[in-house]
K.L.:
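Dropping the structure in here first, questions after.
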Amino acid sequence: MPTFVQILDFIGTFAFAISGIRLASAKRFDWFGAYVVGFVTAIGGGTIRDLLLDVTPGWMTDPIYLICTGLALLWVIFFGKHLIHLHNTFFIFDTIGLALFTVVGVGKSLALGYPFWVAIIMGSITGAAGGVIRDVFINEIPLIFRKEIYAMACVVGGTVYWLCELAGMQSYGCQVIGGISVFITRILAVKYKICLPILSGNDGEEQGKEN
Amino acid sequence: MPTFVQILDFIGTFAFAISGIRLASAKRFDWFGAYVVGFVTAIGGGTIRDLLLDVTPGWMTDPIYLICTGLALLWVIFFGKHLIHLHNTFFIFDTIGLALFTVVGVGKSLALGYPFWVAIIMGSITGAAGGVIRDVFINEIPLIFRKEIYAMACVVGGTVYWLCELAGMQSYGCQVIGGISVFITRILAVKYKICLPILSGNDGEEQGKEN
Amino acid sequence: MPTFVQILDFIGTFAFAISGIRLASAKRFDWFGAYVVGFVTAIGGGTIRDLLLDVTPGWMTDPIYLICTGLALLWVIFFGKHLIHLHNTFFIFDTIGLALFTVVGVGKSLALGYPFWVAIIMGSITGAAGGVIRDVFINEIPLIFRKEIYAMACVVGGTVYWLCELAGMQSYGCQVIGGISVFITRILAVKYKICLPILSGNDGEEQGKEN
């Protein structure tokens, strides 16, 4: 029987794959292309983390991620027209995925003996880098660089994880509270349209002059 | 004296490098840029595979790939105008490269003890990922996500390789038949314009509303 | 007290981060996005090199690169409007970074026992690949493929390094002369507008026909 964490991992992978497949469909990718973009969105962050940590990527040891992406593709093929009504559901799923992937990334790095500042970066890469690769593949500027508190929620969650451990909490408690912090940060940021300031340096002017 | 496989490998590398250099020239890259794009098209897939498998990329142990890309660049510089007449020749060379790279990727993964589903993915990455990096570098949506049975031919060939081994065939026979399957799948797909369905989910509609 | 090389490394990292942050600001990235692009510009080349050489990336062992990027971001936020007057200063800093990163990359590869042709490539990747990732993230064709002697300066410097070692010089001398070669090559190329020929093969014509 799957554990609670495995179920959350499946939900998160499914939501991430759906987000890749939907954007691929908007660009008129074929089924294969959509599958690849969905898969890379789901496992890309964890793969970059594992390459940096020099361990074997998780998806190479368990075919569940391939199967989960296949189910996500079938979902979009059959129920694509109705996906729009489920927008809020997928937003919740996506945020669950973000929270879980972040704490998994933080936990894995700490288990390998890395200091906390590395672990927070690895958590953020696990949560957010898949979406960056997705956006590069569909030839768009990565969304997380321009809009929304997304990767920042990972940084917040990773930092909370750290503070919990500093306060002497058990590893399990740190993960739960860290994950919930990611979830709440993201939900609040979207609900109240909180975002970071846009950086406008001199190049904006330069560009203006050129045009 | 080079073996038959080494000759095929050289032909495949040359054809892949030419495909990168031609697209770079269409974007008015300089010689250096064209060389880099050609080189990355040729060795990019194998390099990603080797990073995932945690072994040293092949091009770092033998300068033949650098030399081969250099010859491809000279070819385009001197005979560029005549390349168009050789379109079918290069299509055949490119397909030979795709077939060879795929079975090399499958074989290398199996030799390292990975299960077949990982080996099929690694074969496909070896054959197709170089072209994806090429397309990212020239700032286009990767061609294989939208058009033609290209990476799918790798999946077909890898699966045939697997079935051959299940049927008790020798490793050498699996490779030959797997490679021929890639070759034939690609040739037939182009000849009869077989392609996968385009995925059109709800986002197409959404986009329509936005415009 | 920091050594002379550490000071140069800090200056180079700062200049590379500034170049990423400025381009991100021209694309209206938020602070977080600009920070990530600056960081990846600074450490991207060394990270790809270290993944290929199978060692732990330097930035995962010392938080100085994160801090340096943070200072670069603050600089652009507070003094962005005045950056344009410092254009020449940053060009010099950027070239110092390029020179240092190149010889660090060459030296690290040689120390790991790789042949010189691999070391020259690794030096060039260390110096130039961060800028390629930066340009992919901001959705532009990488600048180094089209304009300026930039990565070519790394190749020149790496080759000079090699010739010095062939001539029996000490490692330290090779690094100084190799680094100065990168610096002078780049300065002269920009001053005298030296660039490589544009590659125009048949595809230019093809494209012309299609349009």
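Just so it is clear: chains get the letters A, B, ... in the order the sequence lines come, proteins before strands, and each one is counted from 1.
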K.L.:
Starting at CG of Leu51(A), measure out to OG1 of Thr56(A) and round the result to the nearest 0.5 Å.
P.N.:
9.5 Å

K.L.:
Hey, does Phe14(A) have a side-chain heavy atom less than 4.5 Å from the side chain of Trp75(A)?
P.N.:
yes

K.L.:
Just how far is it from atom CD1 of Ile149(A) to atom NZ of Lys193(A), taken to the nearest 0.5 Å?
P.N.:
13.5 Å

K.L.:
Tell me the residues of residues 92-104 of chain B whose non-hydrogen atoms fall below 4.5 Å from those of chain A, in number order.
P.N.:
none

K.L.:
About how many Å separate OG1 of Thr159(A) and CE of Met152(A), when rounded to the nearest 0.5 Å?
P.N.:
8.0 Å

K.L.:
Tell me, do Ser109(A) and Leu112(A) make a side-chain contact under 4.5 Å, heavy atoms counted?
P.N.:
no

K.L.:
To the nearest 0.5 Å, how far apart are NZ in Lys191(B) and CG in Leu188(B)?
P.N.:
9.0 Å

K.L.:
Could you check whether any side-chain heavy atom of Leu199(B) comes within less than 4.5 Å of a side-chain heavy atom of Arg28(A), counting everything from C-beta outward?
P.N.:
no

K.L.:
Heavy-atom distances under 4.5 Å only: say whether Val55(A) touches chain B with side chain, backbone, both or neither.
P.N.:
neither

K.L.:
Does any non-hydrogen side-chain atom of Trp31(A) lie less than 4.5 Å from one of Cys195(B)?
P.N.:
no

K.L.:
Find the distance between CG (Leu73(A)) and CZ (Phe32(A)) and round it off to the nearest 0.5 Å.
P.N.:
11.5 Å

K.L.:
Mind checking the CG-CE spacing from Leu52(B) to Met122(B)? Nearest 0.5 Å is all I need.
P.N.:
4.5 Å

K.L.:
What pairs meet the ring pair (Phe, Tyr, Trp, His ring centres under 6.0 Å) rule with one or both residues in residues 162-184 of chain B, with sequence neighbours excluded?
P.N.:
Phe116(B)-Trp162(B)

K.L.:
Name the option with the most non-hydrogen atom pairs under 4.5 Å to chain A; the candidates are Asp54(B), Val155(B), Leu53(B).
P.N.:
Asp54(B)

K.L.:
Please examine the side chains of Phe91(B) and Val190(B), heavy atoms only from C-beta on, and report whether any two atoms are closer than 4.5 Å.
P.N.:
yes

K.L.:
Do Val37(A) and Ile21(A) come close enough that some side-chain heavy atom pair is under 4.5 Å?
P.N.:
no

K.L.:
How about residues 57-72 of chain A versus chain B: which residues have heavy atoms under 4.5 Å apart?
P.N.:
Pro57(A), Trp59(A), Met60(A), Thr61(A), Asp62(A), Pro63(A), Leu66(A)

K.L.:
Would you say the side chain of Gln170(B) lies within less than 4.5 Å of the side chain of Glu165(B), judging by non-hydrogen atoms?
P.N.:
no

K.L.:
With chain B as the partner chain, list the residues of residues 130-139 of chain A whose heavy atoms fall under 4.5 Å from it, by residue number, and write 'none' if nothing qualifies.
P.N.:
Val136(A), Phe137(A), Ile138(A), Asn139(A)

